[in-house]
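Heavy atoms only: backbone and side chains are in, while hydrogens, waters and symmetry mates are out.
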Amino acid sequence: MIRSIEELVKSAEKRGCKISTVVRELEAKYTGSTEEELFKKMRSYFDVMKEAANRGVAAEIRSISGITGGEGRKMWNAAGSALAGSTVAKAAARAMAVSNVNASMGKIVAAPTAGSCGILPGSVLTVGEKLGKSDDEIVDSLFTAAAVGRIIALNATIAGAEGGCQAECGAASAMAAAAVVELAGGSPRQAAHAVAMALKAVMGLVCDPVAGLVEVPCIKRNAMGAAQAILAADMAMAGIESVIPADEVITAMKEVGRMMSDRLKETAMGGLAVTPTGKNLSEKI
């Protein structure tokens, strides 16, 4: 069983293949499933991701609480004139669209959590579209994302209640960054650097859901997470390296999470949740 990003990269480099190839083969070996069965299962997850993203950009989906809604649709409509460029804007729109579906109790894939469910689909769907990749190629990249998420979960945490939002949106952004590098033809080593840079960008990020709901600030943080993932991938493929290796960044993230006050870890007792507006919204629901 692979337990580190470095081990994952070295396995792929040794064989001269993509990280996703290593992951599929190892998963087949350990689970007893065939690679075809695993791909079919991953394809079913991808289909759910794609459906949620399409729903959220096609209509202004409101949350059950009524606090949020329509962010994905609004950003999608503005993507053509976005200062950040249409790729980042569309990724952000899709990320928020999936989060909108989640807040409406619609079907999503928690990748790795419901609170961060938009970052991975927003990133890979948009980059895949821009690069003319097939659905199968995007599904392949999800195996790389899954391996990164698993390693973060093994060595740190992916739960906001344990490590703050750096663990949820941070892990999702790191997963997406690695998948985007692979989709764009980058190397396994570049994928690792992208993982490190994406995680470092949100080191220390608190989890402070207003009224305890995964809406404010979570939906907009999904948009930011997708943008960071794509930028981290671009940086890595431009030859920029993380001075701190990805595995050490993951360990540091875990330690930062331990040092955080419990009030900043999904308890709605700190951060934005206790602002005057946050308290008012909480009382109204």
Side-chain angles (χ1 to χ4, degrees), residues 1-27 29-30 111-113 116 119-120 123-124 140-184 186-207 225-226 228-260 265:
M1 180 184 297
I2 289 180
R3 301 184 67 88
S4 73
I5 299 294
E6 183 61 22
E7 194 179 350
L8 192 63
V9 169
K10 284 184 174 177
S11 294
E13 288 179 337
K14 184 177 180 181
R15 296 186 46 200
C17 66
K18 297 186 293 186
I19 289 176
S20 59
T21 302
V22 173
V23 175
R24 274 206 324 273
E25 290 178 359
L26 285 176
E27 192 69 9
K29 177 181 177 181
Y30 290 123
T113 65
S116 60
I119 295 172
L120 181 57
S123 302
V124 297
D140 232 4
S141 76
L142 295 180
F143 284 95
T144 294
V148 171
R150 185 172 184 280
I151 288 168
I152 293 174
L154 279 172
N155 296 294
T157 178
I158 56 171
E162 186 177 3
C165 198
Q166 59 169 358
E168 292 205 19
C169 286
S173 190
M175 292 164 66
V180 166
V181 168
E182 183 166 306
L183 264 180
S187 69
R189 183 66 58 185
Q190 288 172 329
H193 284 302
V195 165
M197 289 188 277
L199 260 184
K200 288 191 296 186
V202 294
M203 186 75 76
L205 184 62
V206 304
C207 184
Q228 287 170 339
I230 293 172
L231 185 55
D234 272 339
M235 290 166 68
M237 289 187 290
I240 298 171
E241 298 184 347
S242 173
V243 173
I244 309 299
D247 290 308
E248 293 183 34
V249 174
I250 292 170
T251 300
M253 184 268 278
K254 178 182 180 181
E255 293 304 314
V256 169
R258 283 180 175 174
M259 289 186 276
M260 278 184 184
K265 293 193 280 189

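Residue Thr113 comes nearest to Glu168 through the heavy atom pair OG1-OE1, 2.6 Å, listed as atom of the first residue, atom of the second, then distance. Closest heavy-atom contact between Gly149 and Ile158: O-CG2, 4.0 Å. Between Ala196 and Ala246, the closest heavy-atom pair is CB-CA, 3.7 Å. Here the shortest heavy-atom pairing between Val124 and Ser141 reads CG1-OG, 4.0 Å. Across all non-hydrogen atoms, the minimal contact from Ala111 to Ala172 is O-CB, 3.9 Å. Summarising the geometry of Gln166 relative to Val202, their closest heavy-atom pair is CB-O, 3.3 Å, with the distance given to 0.1 Å.
With values rounded to the nearest 0.5 angstrom, Met175 atom CE is found 7.5 Å from Ser116 atom OG. Here Ser187 contributes atom OG and His193 contributes atom NE2; the two are 8.0 Å apart, rounded to the nearest 0.5 Å. With rounding to the nearest 0.5 Å, the separation of CE in Met197 from CD1 in Ile244 is 12.5 Å.
A side-chain donor-acceptor contact under 3.5 Å links Lys265 to the backbone of Glu162. A donor-acceptor pair is defined here as one N or O able to donate and one able to accept, closer than 3.5 Å; no such pair exists between the side chain of Glu13 and the backbone of Pro188. Without hydrogens or angle criteria, Asn155 side chain to Arg3 main chain gives a donor-acceptor distance under 3.5 Å.
For residues 140-160, the set of pairs meeting the salt bridge (Lys or Arg N to Asp or Glu O under 4.0 Å) definition, not counting sequence neighbours, comprises Lys18-Asp140, Arg24-Asp140. For residues 236-251, no residue pair satisfies the salt bridge (Lys or Arg N to Asp or Glu O under 4.0 Å) rule, not counting sequence neighbours.
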Notebook entry, point to check: Between Lys10 and Glu7, does a salt bridge (charged side-chain N to carboxylate O under 4.0 Å, His left out) hold up when you go through it step by step?
Noted result: CA-CA 5 Å; Lys10 284 184 174 177; Glu7 194 179 350; over 6 Å; no
Margin query: Does Met237 form a side-chain contact (heavy atoms from CB on, under 4.5 Å) with Val181? I'd like the steps, not just the answer.
Written below: CA-CA 7 Å; Met237 289 187 290; Val181 168; 4.3 Å; yes
Notebook entry, point to check: Where do Leu120 and Leu142 land on the side-chain contact (heavy atoms from CB on, under 4.5 Å) test, with the steps shown first?
Noted result: CA-CA 9 Å; Leu120 181 57; Leu142 295 180; 3.9 Å; yes
Margin query: Please determine whether side-chain contact (heavy atoms from CB on, under 4.5 Å) holds for the pair Lys254 and Ile250, giving the CA-CA distance in whole Å, both sets of side-chain angles, and the decisive distance to 0.1 Å.
Written below: CA-CA 6 Å; Lys254 178 182 180 181; Ile250 292 170; 6.0 Å; no
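Applying the side-chain contact (heavy atoms from CB on, under 4.5 Å) test between Phe143 and each of Ile19, Val22, Val23, Leu26 identifies Val23 as the sole match.
Cys169 is listed as a side-chain neighbour of Ile119, based on a closest heavy-atom distance under 4.5 Å. Looking at heavy atoms from C-beta onward, Ile152 lies in side-chain contact with Leu199 at the 4.5 angstrom threshold. Annotation: side chain of Pro245 is not in contact with side chain of Glu6 (no heavy-atom distance under 4.5 Å).
Within a 6.0 Å sphere centred on CZ of Arg15, other residues, nucleotides and ligands contribute more than 12 heavy atoms.
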